[in-house]
Amino acid sequence: MRGVSKHLQLLRPTSSRCCSYSVNSSLVSPHYVPPETESLLNHCYRRDLPSAMHVLDSMERRGVWADSITYSELIKCCLAHGAVREGKRVHRHIFSNGYHPKTFLTNILINMYVKFNLLEEAQVLFDKMPERNVVSWTTMISAYSNAQLNDRAMRLLAFMFRDGVMPNMFTFSSVLRACERLYDLKQLHSWIMKVGLESDVFVRSALIDVYSKMGELLEALKVFREMMTGDSVVWNSIIAAFAQHSDGDEALHLYKSMRRVGFPADQSTLTSVLRACTSLSLLELGRQAHVHVLKFDQDLILNNALLDMYCKCGSLEDAKFIFNRMAKKDVISWSTMIAGLAQNGFSMEALNLFESMKVQGPKPNHITILGVLFACSHAGLVNEGWYYFRSMNNLYGIDPGREHYGCMLDLLGRAEKLDDMVKLIHEMNCEPDVVTWRTLLDACRARQNVDLATYAAKEILKLDPQDTGAYVLLSNIYAISKRWNDVAEVRRTMKKRGIRKEPGCSWIEVNKQIHAFILGDKSHPQIDEINRQLNQFICRLAGAGYVPDTNFVLQDLEGEQREDSLRYHSEKLAIVFGIMSFPKEKTIRIWKNLKICGDCHKFAKLIAELEQRHIVIRDPIRYHHFQDGVCSCGDYW
DNA sequence: GTAGGGTTAG
């Protein structure tokens, strides 16, 4: 029997429960099961880690070992308790006496380290393995992919291939998420097709996610459409893809199809649906989604999406209600609410909320600070803006990024501090980009500083010769200074380069239908009635002192003609249509693709007073709440 | 023993 025990070292421990061995005991037989094994296993099943470790101690003292299944249960028990120290002890115990366990058990140990976020320990163990199977490789690949160490994950796949181990659906669905280049993705995709793994729903959803991440939505849709069997996560992936790329229409369309084929909406679906509503400003549809959200009351991500939807649809009352009753709030909830208040013109409330966040909320991040700077910028709080900007590094350890500089430039621009803007641009720790120069250009327009504007516009066009915004802003500035020859020159260049100005467009939701108004477009069925009422309003407002502000006309027109081109701006048509369609107590909500012009802003203020209406207009940057003759932006936008 | 979808700024 002594001779046998020497050979048994090579067999211990095995994956079979009925074969447990001892190396050191001279009385063992190949079928010897230490009496402690059963109680060890029972403690593990009951997740009683202290008792289990106690039994392990006594086994170690007696020099007996349990089988692999028992160890795997013990490791599960450590994981359930988050017990790193005990996990490491089990590892040492299994490897004691220079023994190497079977691949199966080593994989479990590697997985334990991965779950404990100890990737280096996992890698050391992986490197020492005499033989690695597909699970060993996949565990490591997925660990690196989850940690966003994408290079490492991709490299491991190459080594795995070199070692002749065939990836399976687990491997592909993990490594796909680490893929960053379209070329690699195409290669992976064809490999997946070759081995016939594209029908696996995990692989399919990963393919959709990665194509979406790379902006290849048509390819993502193709992968989705090839699905024969249904799967709710695959549906959610494709809906999220379109919602994240601001194609709310397609996202909602897919959502309806998903419901039609019988898949219920879960948290993830609803989050994407809310995001789609947000991008389309569909408050009423968002409210309907809210009813379903109530089923998932505790879901933080979903509540954040709901909060954002109400903020972006300009319904601050609802947003505040949601925010106040959220049981759990994270940095995203706070940042959303702060930015939401700021964008809707409630800057002081935004700053007050930031102060309470400092006291009772999570640590602010770089996005929170953007909301704070935005609030300062839109309230003209230059000193406060400088304070938050200069202290963000000291207080929160956040270095200002391009966006923070952008907010500060915006703030300085609104406060007519063009020189300070130029100074700050030179101070930036990163290269100015198109957005930086556009902020300067925009400020020059308001201050009518033609020379600086020309400089800024040329910088933009150096970076992007196709930038429509630069041409339009430049031509606006020339128009304001009545330099019509220069306006014509800009127009000629635009024409030559095939660049067209995006037409002003406004949308309004009436009876679950979206009505679009485009400057000069007469296709709306009620356009004649709208124009008739618009003219009446303009006459009545003229009695109240409304004079069209022709500074906002871009063409070289004279007198009455100039007023006419302002008269039919899309937001004026949408406002009149809103007044015609809704009772007085209902808020008129409009969203548009371009910033509102000064004349329409004045018109909206006066008509809100005349008609006793609450009008909310969302432009690409912010919101205007018009009521009783004033706007929440304080005429500062 | 290894794999999935959703939220904040611009």
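Every chain is numbered from 1 and lettered A, B, ... according to where its sequence line falls, protein lines coming before strand lines. Computed from a prediction, not measured in an experiment: that's the story for all the values here. All values below come from the heavy atoms of this structure, side chains included, with hydrogens, waters and symmetry mates left out.
Using a 4.0 Å heavy-atom cutoff across all strands shown, A:A240 reaches sugar-phosphate atoms only and no base atom. Heavy atoms of A:V233 sit under 4.0 angstrom from at least one base atom.
Against DNA chain B, the stretch residues 73-80 of chain A makes no heavy-atom approach under 4.0 Å.
Between A:F95 and A:H91, the two ring planes are perpendicular [angle over 60°; tilted spans 30° to 60°].
A salt bridge between A:R177 and A:D209 is present, with a side-chain N of the basic residue lying under 4.0 Å from a carboxylate O of the acidic one.
Within the structure, every side-chain polar atom (N or O) of A:R177 is placed at least 4.0 Å from both OP1 and OP2 of B:dG4. At B:dG10, one or more side-chain N or O atoms of A:Q343 fall inside 4.0 Å of OP1 or OP2 (strictly under the cut-off). Between B:dT7 and A:Q244, a contact under 4.0 Å exists linking OP1 or OP2 to a side-chain N or O.
For A:A240, the side chain to side chain contact (heavy atoms under 4.5 Å, CB included) criterion is met by A:Q244, A:S272, not counting sequence neighbours.
Judged by atom type and distance alone, A:S174 does not reach the base of B:dA3 through any side-chain donor-acceptor pair under 3.5 Å. Counting distance only, with no hydrogens placed and no angle test, the side-chain atoms of A:D299 and the base atoms of B:dG6 include a donor-acceptor pair under 3.5 Å. No N or O donor and acceptor, one from the side chain of A:N304 and one from the base of B:dG6, sit under 3.5 Å apart.
Cation-pi geometry between A:K329 and A:F323 is met: the NZ or CZ atom falls under 6.0 Å from the ring centre, inside 45° of the normal.
A donor and an acceptor atom, one from each side chain of A:D410 and A:T439, are nowhere located under 3.5 Å apart.
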Report all side-chain donor-acceptor pairs from residues 334-341 of chain A shorter than 3.5 Å, counting only partners two or more places apart or in another chain.
residue, atom, partner, partner atom, Å
A:S335, OG, A:V331, O, 2.6
A:S335, OG, A:T368, OG1, 2.9
A:T336, OG1, A:I332, O, 2.6

